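Encoded as structure tokens, the structure appears first; notes follow it.
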Amino acid sequence: SRTRKISVVGARGVGKSTLVVQYVDNYFLESYYPTIQNQFNKSISFRGQTYEVEVLDTAGQDEFTILQDSSTLVHGYILVYAVNSRSSFELLPVIRDKILESTGTDKVPMILVGNKLDLERKVGHEEGVKLAREFGIPYIEISAKTTSEQDISRIFVGLLEQIEGEKIDP
Ligand code: GDP
Ligand code: MG
């Protein structure tokens with residue numbers, strides 16, 4: 001079937017839940033729910049097919065709690081940091097290493113997201129671009145507060161492209 005499981009990972013407070021809720025339910029999550037891990041389902045039209053996407057919104061990570069729930073098969077990861085938080089940016093290589101360790105391959109579909117674009121930057125655009133290039137994955141900057149659902153959907157479509165690989169049919 002066309003069910004794809006994706007996991008949203010990143011430091012606490014970077015806006016993982018907010019971006020998922022904004023995308024799936026179209027509203028801005030004002031409050032901070034640090035401990036909730038939740039699954040959301042959304043149908044995405046991709047390459048002329050309907051994909052059922054199960055989004056696992058993980059409860060924020062630190063170096064010790066990343067991927068405790070890695071037993072379930074995940075097809076791809078959204079790596080999120082907040083552009084106003086250097087520490088959340090610096091956590092990404094750690095998170096990525098844990099993912100690669102747990103899957104035993106370096107070919108895990110991922111996309112890098114710099115969130116909170118509406119706030120004062122502590123991490124430059126070029127730094128995000130450079131890290132994504134090092135990881136060999138696409139990079140998207142958004143604000144889960146002000147970016148339209150349409151634009152936020154580029155994250156999910158971009159990740160599906162990584163998961164599904166090169167298009168073969170014309
Ligand atoms: P999580 O721990 O990664 O799931 O972070 P949350 O989604 O709970 O967000 C943490 C806080 O940041 C909440 O108060 C959100 O309202 C806020 N937030 C999330 N994304 C944005 C954003 O793009 N811009 C602004 N200004 N606030 C955001
Ligand atoms: Mg959350």
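Remember, it's 1-based here, ligands and their atoms both numbered in the order they're listed. Source: prediction; values computed, not measured.
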### Task
Check side-chain contact (heavy atoms from CB on, under 4.5 Å) between Ser45 and all other residues, then give those that pass, not counting sequence neighbours.
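Ser45 satisfies side-chain contact (heavy atoms from CB on, under 4.5 Å) with no other residue.
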Report yes if some N/O of [X] lies less than 3.5 Å from some N/O of ligand 1; otherwise report no.
{"X": "Asp118", "answer": "yes"}
{"X": "Ala144", "answer": "yes"}
{"X": "Leu117", "answer": "no"}

Among Ala11, Ser17, Ala59, Gly13, which one has a heavy atom closest to atom 10 (C) of ligand 1?
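Among Ala11, Ser17, Ala59, Gly13, the closest heavy atom to atom 10 (C) of ligand 1 comes from Gly13.
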- Report yes or no: do Ser17 and Asp57 form a side-chain donor-acceptor pair below 3.5 Å?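 Checked: Ser17/Asp57 side chains pair up, N/O donor to acceptor below 3.5 Å.
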* Would you check, one step at a time, whether the test salt bridge (Lys or Arg N to Asp or Glu O under 4.0 Å) holds for Lys42 with Glu52? => CA-CA 6 Å; Lys42 175 132 172 159; Glu52 300 304 328; over 6 Å; no
Using a strict cut-off of 4.0 Å, indicate which atoms of ligand 1 neighbour a heavy atom of Ser143.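 Contacts of ligand 1 toward Ser143, numbered from 1: 22 (C), 23 (O), 24 (N).
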Is the Mg ion (ligand 2) under 2.8 Å from any N, O or S atom of Asn38?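 False for Asn38.
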Query raised in the report: Should the pair Lys130-Glu134 be classified as a salt bridge under the 4.0 Å nitrogen-to-oxygen rule?
Result: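 Yes, this pair counts.
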Quick one: do Lys122 and Glu127 make a salt bridge, cutoff under 4.0 Å?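 Not counted as a salt bridge, because no side-chain N and carboxylate O are separated by less than 4.0 Å.
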Could you give the side-chain donor-acceptor pairs of residues 152-163 under 3.5 Å, partners two or more places apart or in another chain?
{"unit_1": "Ser153", "atom_1": "OG", "unit_2": "Gln150", "atom_2": "O", "d": "2.5"}

* Side chain, backbone, both or neither: which part of Asn115 has a heavy atom under 4.0 Å from ligand 1? ->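 Looking at Asn115 and ligand 1, just side chain atoms fall under 4.0 Å.
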